[in-house]
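As the structure lists them, so they are numbered: ligands from 1, and atoms in each ligand from 1.
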Amino acid sequence: MTAQQAHVVTLGTAGGPRWWDPVDGGNRAGIATAVVVGGRAYLVDAGIGAGRQLQRAGIAMDDLGGIFLTHLHSDHTTDLANIALFGMFSRDPQLGRIPIVGPGDRGELPPVSPRATIAPQPVAPHLPTPGTADMFRLLMEAHATDLNDRVLDALRPAPRDLFDARDIAIPGGIGYHPNTCATPAMAPFTVFEDDRVRVDATLVEHPPIAPAFGFRITSDEGSIAISGDTARTANMVRLAEGADLLLHEAIDFDWVDAQYGDTSDATARASRDHHRKSHTSVLEAAAIAREADVGQLLLHHLVPGSTALARWQALAAELDPAPVITQDLARYTFTRQRQLAV
Ligand SMILES: [Zn+2]
Ligand SMILES: [Zn+2]
């Protein structure tokens, strides 16, 4: 990739672990965002189709400077194995390993819903809450038959030669606990740095998953904050303070109420509760952008992914300034416009 102005590519803009019905123009790829600085791309989240969307955006494996996972919900991680298994054929090992940076092991299971009538049994009780490093190792081990063909017969590099999966260490002394205090008030902290960008993180509010992070990527050319999945939280305002761009998630709560409105059904009620306490409306995202005084608000991780663009735009148009409803494969530059204007 040739050097060009720093920009973000919204590779995939739908949230949620679904194959959304493509009627009404909702055919969005899963959540994935590339932040490109000096021709190097930093991928934030790897939702369904992310590998293919990188290719469509003209971002090669050799351009990748890092992969960052906001949290370990499957709509953010499902293409990670795909990117590693298919991408290994087009990555020059001489460029060094691609860091994969994301949440560590949750440490303990979330509490069982008080609505449960029979105690559910956890999946993989021997390792029920793996973090990023364990998840990546297990994904690669699950494909060992394939990988060993490549490594032994075709003399390809192994995943460990190309990728370096790391868990983010949460700073001590802030009172964090995955079940009782998942989003303590905190200052952003640095999780990655190279010669082009610094990546800072904060804990965001997305129960019951924990930890869940928002990221801010800062470069000489400007900065962009990405919310990950979160309800409205002061930590996100602090992280995004003065950023040139804020990419925030948004959910259509009218859809949630219509989808899970059957109050006689415990599963529906639990799903509705989850969305209410774990996500952000268009209106709330705009309030966060105003509080943080960001240059521009872009909305992505749109739930449901099947909602027509016109519906999102109608919600955005009620606000001043109206946030941008992103589309797959759109590009936005993030130069320090306001500072230059002073
Ligand atoms: Zn999500
Ligand atoms: Zn999530």
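- Between the side chains of Glu108 and His177, at least one donor N or O lies within less than 3.5 Å of an accepting N or O.
- Here the CZ-OH distance, from Phe215 to Tyr42, works out to 14.5 Å after rounding to the nearest 0.5 Å.
- Taking CZ from Arg198 and OG1 from Thr218, the interatomic distance works out to 4.5 Å, rounded to the nearest 0.5 Å.
- Here the straight-line distance linking atom CG of Leu297 with atom CG of Leu247 works out to 8.5 Å at 0.5 Å rounding.
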Which pairs would a plain distance check flag for residues 148-155, meaning a side-chain donor or acceptor within less than 3.5 Å of a matching protein atom at least two apart in sequence or in another chain?
residue : atom : partner : partner atom : Å
Asn148  : ND2  : Ala144  : O            : 3.2
Arg150  : NE   : Asp146  : OD2          : 3.3
Arg150  : NH2  : Asp146  : OD2          : 2.7

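- Neighbouring protein atoms of the Zn ion (ligand 1) (N, O or S, distance under 2.8 Å, waters ignored): Asp75 OD2, His76 NE2, Asp229 OD2, His301 NE2.
- Within a 6.0 Å radius of CZ in Arg52, no more than 12 heavy atoms belonging to other residues, nucleotides or ligands are found.
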